[in-house]
Amino acid sequence: MRVPLMVGLLAFIVMLLSGCGSHVTAGQLKNVGLLLPKTINEKVWGSKGYKGLLNIGSNFDVEVYYKENINKEEEVKKAIKAFKKKDVNLIFGHSHLYADIFMKLKDQYPRIHFVTFNGEVQGKNITSLHFQGEAMGFFGGMVAAKMSRNHSVGVIAAYPWQPEVDGFIEGAIYQNREVDVHYQYVQDWNDTTKALKILNKMIHKGVDVFYPAGDGYNIPVIQTIKSHGLYAIGYVSDQSNLGKKTVLTSTVQEVDKLYKLVAMKFNEGNLKSGNLYFGFEDGVIKLGTFSPLVPDSYVEKIQDQVDQYIETGKFPYER
């Protein structure tokens, strides 16, 4: 039977649009699970993990699952067993605390690949993802030193091992050799009370630009910084919404993009085990929105410096 021209044309358009919106071709990836130490509503880190999971679900023909408030080994064991029953073969543990637990359990599940963040792992079917924090801290430090009226900037970090701390210090000094860089550690991602005490001490010392490098406490810290008329460099998320005249820029980790990238590599059979590092050149780290207080000429300069870093892998002082 002959199909009328208009009907045939409409059918062709539907087929074309369906093809354009189709999921990634099936490969090794079956279903995906996510473990969170807190909830998907955690304003910075937890919500980013959930968005990453949803990003996988929208781009691959798979089911995605998550479990919240999973902090102990026994809870992880139960969650993995539940995921296995749902034919999950890629599990993300959205914290460094899962690294040691996954290392203990991975050999019991050779057909599942375990992914964690900021841990040290080795062996088959386990990968730890690391953001190249030194670079993002470096450029954040440059902006902080440029905008400091008192030539005094401060880092309120969670832990000494965070590479963005050293990067921030290096970047600030590169921008202004006369700058004083204060830094102190909360020793916890979420201890807002201690972070605010550190903030108040630094304010009394004359610090006027801060880098609260802890995703659990940085929002209340930035809100307090705003109340004092001082400046901040946002952390993990673009935090310009907390105050365009407070947040000079942010060092952004695009976790949702990294989730998709990892899922793609696993689906294609190319996800390496061990410790992997991702940065500006992978499109998963960037500087966020700049405050209107930062001169346009300097924004252009810093963006050019970032572009050169992406191209060469070298910091400005290394060129």
Side-chain angles (χ1 to χ4, degrees), residues 15-37 40 45-68 70 76-77 79-96 98-99 101-132 236 252-286 310:
M15 288 170 56
L16 182 63
L17 290 175
S18 298
C20 291
S22 61
H23 289 149
V24 175
T25 304
Q28 292 190 12
L29 187 64
K30 294 180 180 179
N31 295 323
V32 181
L34 169 66
L35 301 180
L36 294 148
I40 61 173
W45 185 244
S47 62
K48 277 183 167 281
Y50 181 56
K51 289 178 182 177
L53 185 70
L54 295 181
N55 199 16
I56 293 175
S58 64
N59 284 278
F60 296 82
D61 189 18
V62 298
E63 298 293 331
V64 296
Y65 307 93
Y66 67 90
K67 290 184 178 293
E68 302 170 288
I70 305 297
V76 174
K77 287 180 179 179
I80 293 173
K81 288 181 180 179
F83 283 158
K84 184 182 178 184
K85 290 179 180 179
K86 296 182 181 296
D87 207 22
V88 167
N89 69 340
L90 181 63
I91 296 178
F92 288 87
H94 197 62
S95 170
H96 72 283
Y98 296 111
I101 300 175
F102 283 174
M103 282 293 295
K104 291 180 182 179
L105 302 176
K106 66 182 180 64
D107 292 339
Q108 300 175 33
Y109 301 93
R111 296 184 180 179
I112 295 176
H113 197 105
F114 296 89
V115 178
T116 185
F117 283 83
N118 299 323
E120 293 297 321
V121 301
Q122 58 184 349
K124 296 181 179 179
N125 71 304
I126 186 168
T127 299
S128 183
L129 308 176
H130 300 258
F131 287 97
Q132 291 177 329
V236 174
V252 181
Q253 297 176 346
E254 300 204 89
V255 179
D256 56 335
K257 289 185 178 181
L258 183 55
Y259 267 66
K260 180 183 175 183
L261 178 61
V262 169
M264 181 72 74
K265 288 180 178 292
F266 180 76
N267 190 57
E268 296 171 348
N270 295 324
L271 179 60
K272 296 180 180 179
S273 297
N275 304 296
L276 304 183
Y277 295 83
F278 300 88
F280 281 98
E281 66 274 18
D282 302 295
V284 298
I285 289 180
K286 68 177 184 179
I310 292 173

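These numbers come from the heavy atoms of this one structure, side chains and all, not from hydrogens, waters or symmetry mates. Values in this document were obtained by computation on a predicted structure and should not be read as measured data. Residue numbers count from 1 along this sequence.
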Requested in this report: List the atom of His96, the atom of Thr116, and the distance in Å for their closest heavy-atom pair.
Outcome: CA-OG1, 4.1 Å
Report task. Look only at the side chain of Glu268 and the backbone of Gly27, and say whether a donor-acceptor pair between them is shorter than 3.5 Å. Result -> no
Query raised in the report: Do Phe102 and Ile91 come close enough that some side-chain heavy atom pair is under 4.5 Å?
Result: yes
Query raised in the report: Side chains of Tyr259 and Val32: closer than 4.5 Å at any heavy-atom pair?
Result: no
Report summary line: Lys257 meets the salt bridge (charged side-chain N to carboxylate O under 4.0 Å, His left out) criterion, sequence neighbours left out, with Glu254
Query - Exercise: identify the closest heavy-atom pair between Ser273 and Gly123 - result: CB-O, 3.2 Å
Query raised in the report: Hey, are the side chains of Lys106 and Val121 touching, using non-hydrogen atoms and a 4.5 Å cut-off?
Result: no
Report task. Spell out, as yes or no, whether a donor-acceptor pair under 3.5 Å connects the side chain of Asn55 to the backbone of Asp256. Result -> yes
Query raised in the report: Would you say Leu90 and Phe60 make side-chain contact, with heavy atoms under 4.5 Å?
Result: no
Report task. Report the C-alpha separation of Val255 and Phe131 in whole Å, then their side-chain angles, then the decisive distance to 0.1 Å, and conclude whether the side chain to side chain contact (heavy atoms under 4.5 Å, CB included) test is met. Result -> CA-CA 9 Å; Val255 179; Phe131 287 97; 3.9 Å; yes
Requested in this report: Keeping to residues at least two apart or across chains, list the side-chain hydrogen bond (donor to acceptor under 3.5 Å, both in side chains) pairs with something in residues 117-129.
Outcome: His113-Thr127, Glu120-Asn275, Ser128-His130
Query raised in the report: Below 4.5 Å, heavy atoms only, C-beta onward: do Leu276 and Leu271 meet side chain to side chain?
Result: yes
**Report entry** Leu53 side, atom CG; Ile40 side, atom CD1 - distance, nearest 0.5 Å
**Finding:** 9.5 Å
Requested in this report: Report the residue from Tyr98, Phe92, Trp45 that forms a ring pair (Phe, Tyr, Trp, His ring centres under 6.0 Å) with Phe117.
Outcome: Trp45
Query raised in the report: Under the side chain to side chain contact (heavy atoms under 4.5 Å, CB included) criterion, do Leu34 and Val64 qualify, and how do the steps go?
Result: CA-CA 8 Å; Leu34 169 66; Val64 296; over 6 Å; no
**Report entry** From CZ (Phe278) to CG (Leu129), nearest 0.5 Å
**Finding:** 5.5 Å
Query raised in the report: Can you list the steps and then say if Tyr66 with Glu68 is a side chain to side chain contact (heavy atoms under 4.5 Å, CB included)?
Result: CA-CA 7 Å; Tyr66 67 90; Glu68 302 170 288; 3.9 Å; yes
Using atom types as modelled, flag every donor-acceptor pair under 3.5 Å from a side chain in residues 81-89 to any protein atom, sequence neighbours excluded.
residue: Asn89; atom: OD1; partner: Lys30; partner atom: N; Å: 3.0
residue: Asn89; atom: ND2; partner: Gln28; partner atom: O; Å: 2.8

Report summary line: dist Ile112:CD1 -> Asn31:CG (nearest 0.5 Å) comes out at 11.0 Å
Query - Worked verdict on Phe114 versus Ile80 for side chain to side chain contact (heavy atoms under 4.5 Å, CB included) - result: CA-CA 10 Å; Phe114 296 89; Ile80 293 173; 3.6 Å; yes
